[in-house]
Amino acid sequence: MREVRRKAIQKKSRHKWKGKLLALLLAAFCCASLVLMETQHAQILSLSALRHRLVEKKKIAFLFIARNRLPLDTVWDAFLKEETRFSIYVHSRPGFIFNKATARSVHFLNRQVNDSIKANWGEASMIEAERILLRHALMDPLNERFVFLSDSCIPLYNFSYTYSYIMSTSTSFVDSFADTKEGRYNPKMFPVIPVHNWRKGSQWVILTRKHAEVVVNDSTVFPMFQQHCKRRSLPEFWRDSPFPVDPAKEHNCIPDEHYVQTLLAQEGLEGEITRRSLTYSAWDLSASKDRERRGWHPVTYKFSDATPLLIKSIKEIDNIYYETEYRREWCTSKGKPAPCFLFARKFTRPAAVHLLNSSVLGVQNEAKAES
């Protein structure tokens, strides 16, 4: 009897021990699961926060092409005040440095590219300068849009509006149309560049990251432009180049007015662009006495031209007509009618500073620029 009782107690003890062990294992499992869930939750929150930061910090790269210094840097300083969603790159003449002696804005200090070249208007060196700027800007993975600007450009609106306008669409802004009247296409480009891909437009484009990479990686179209797209010789340049036998028979091609447009057409990417520029220029068709040179350069606005009426008239433009394609481009942003232009050129420093100090430009500057 005692033996039976002893065995029963031992059996009960074993069951009790197994129950405690099972409970302990269940508790450990629950704790481990809880720790794992907490860890995963923390990782999800961390990834979500990182993604949020990356989205918030997507930047616009402003790419300036300058002769030397930037005369309108104080205007851009007011435009960029207290903003972080941008980066700046400047292509100036080789050896020129933006330091405290040559720049009036901290945003431009040491922002020159270190491999600049001598870029001349109407030559392939101008588009090579653009490619150099893009190569530098693409090194920053947060740069999502790439805006080309001249040293005479001014912003027309504040940064927030400009940023929203540019980033609200997945397309590049590239003024591009069929060049059927001026005969700038050189038949020597065929068959690499067929005539049906030949385009013309403003060099002041805004590119997505994808299209910026296409420009930088191009090894087909650019060599053709170097060889066969050249500006007709002008008398003031005859000292630096061989005298043409018959200037009237020279083929005339301005590389920076055709390159990006033709390259994107060549790559079949025209469906990914908004076919207009966001930079306003007024082309003077009557200023030059030489008929051949009329319209070659845009109007330069001086101090007396810089009026509220001028800026108002530019901001009110809501469509662009392309004569060679019989196409009217109505300007929109986020699916709604919008002004066509965010930037304008060409402005002298006195004109731009006058507009800034008169609070005509919507850059929301706190302090007025020095004259």
**Student:** Are Arg111 and Tyr89 in a cation-pi contact, defined as NZ or CZ under 6.0 Å from the six-membered ring centre and within 45° of the axis?
**Tutor:**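 Ring-cation test returns yes.
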**Student:** Could you tell me whether Glu213 and Lys210 have a side-chain N and a carboxylate O separated by less than 4.0 Å?
**Tutor:**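 Salt bridge: no.
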**Student:** Just checking, any donor-acceptor pair under 3.5 angstrom between side chains of Ser87 and Asn143?
**Tutor:**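 Judged by distance alone, the side chains do pair up.
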**Student:** Working to the nearest 0.5 Å, report the span between CD1 of Ile117 and CZ of Arg93.
**Tutor:**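 Between atom CD1 of Ile117 and atom CZ of Arg93 there are 15.0 Å.
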**Student:** Ring centroid separation for Phe62 and Trp204, is it under 6.0 angstrom?
**Tutor:**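 Aromatic pair excluded; centres sit 6.0 Å or further apart.
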**Student:** Thinking salt bridges, do Arg104 and Asp77 make one under a 4.0 Å N-O criterion?
**Tutor:**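 Salt bridge flag = no for Asp77 with Arg104.
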**Student:** Are Phe108 and Trp76, when compared by the centres of their aromatic rings, separated by less than 6.0 Å?
**Tutor:**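 They do not qualify: ring centres at least 6.0 Å apart.
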**Student:** Exactly one of Arg209, Arg145, His211 should register a side-chain hydrogen bond (donor to acceptor under 3.5 Å, both in side chains) with Ser172. Which one does?
**Tutor:**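 One option only clears the test, and that one is His211.
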**Student:** Could you tell me whether the side chain of Thr307 and the main chain of Leu310 form a donor-acceptor pair under 3.5 Å?
**Tutor:**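 Yes: the side chain of Thr307 pairs with the backbone of Leu310.
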**Student:** Listing request: all disulfide (SG to SG under 2.5 Å) pairs with a residue in residues 304-348, at least two apart in sequence or in separate chains.
**Tutor:**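 Pairs touching residues 304-348 that pass the test: Cys331-Cys340.
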**Student:** Evaluate the criterion side chain to side chain contact (heavy atoms under 4.5 Å, CB included) for residue pair Thr74 and Arg349; output intermediate values, then yes/no.
**Tutor:** CA-CA 9 Å; Thr74 50; Arg349 174 171 166 74; 3.3 Å; yes
**Student:** Please work out whether the ring planes of Phe341 and Tyr280 are parallel, tilted or perpendicular, with thresholds of 30° and 60°.
**Tutor:**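 Rings of Phe341 and Tyr280: perpendicular, over 60°.
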**Student:** Do Arg135 and Glu128 meet the salt-bridge criterion of a basic N to acidic O distance under 4.0 Å?
**Tutor:**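 Yes, charged N to carboxylate O under 4.0 Å.
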**Student:** Of the options Phe225, Trp198, Phe148, which is the one that meets Tyr259 in a ring pair (Phe, Tyr, Trp, His ring centres under 6.0 Å)?
**Tutor:**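 Considering Phe225, Trp198, Phe148, a ring pair (Phe, Tyr, Trp, His ring centres under 6.0 Å) with Tyr259 is found only for Phe225.
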**Student:** Parallel, tilted or perpendicular: which describes the rings of Phe303 and His354, with under 30° parallel and over 60° perpendicular?
**Tutor:**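 Answer is tilted, since the angle falls between 30° and 60°.
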**Student:** Hey, what's the ring geometry for Phe98 with Phe96, parallel, tilted or perpendicular (30° and 60° as the breaks)?
**Tutor:**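 If you compare the ring of Phe98 with that of Phe96, the planes turn out perpendicular.
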**Student:** Linking Ile, Leu, Val, Met, Phe, Trp and Tyr through side-chain heavy atoms less than 4.5 Å apart, which residues share a cluster with Val106?
**Tutor:**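 Result for Val106 is Leu109.
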**Student:** For the residue pair Phe159 and Arg85, what are the closest heavy atoms and their distance?
**Tutor:**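 Closest approach of Phe159 to Arg85, heavy atoms only: CZ-O, 3.4 Å.
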**Student:** Might you point out which heavy atoms bring Thr348 and Lys302 nearest each other, and give the distance in Å?
**Tutor:**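 For Thr348 versus Lys302, the nearest heavy atoms are OG1-CA, 3.7 Å.
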**Student:** With heavy-atom distances below 4.5 Å as the criterion, would you say the side chains of Leu342 and Tyr157 are in contact?
**Tutor:**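 Sidechains of Tyr157 and Leu342: in contact.
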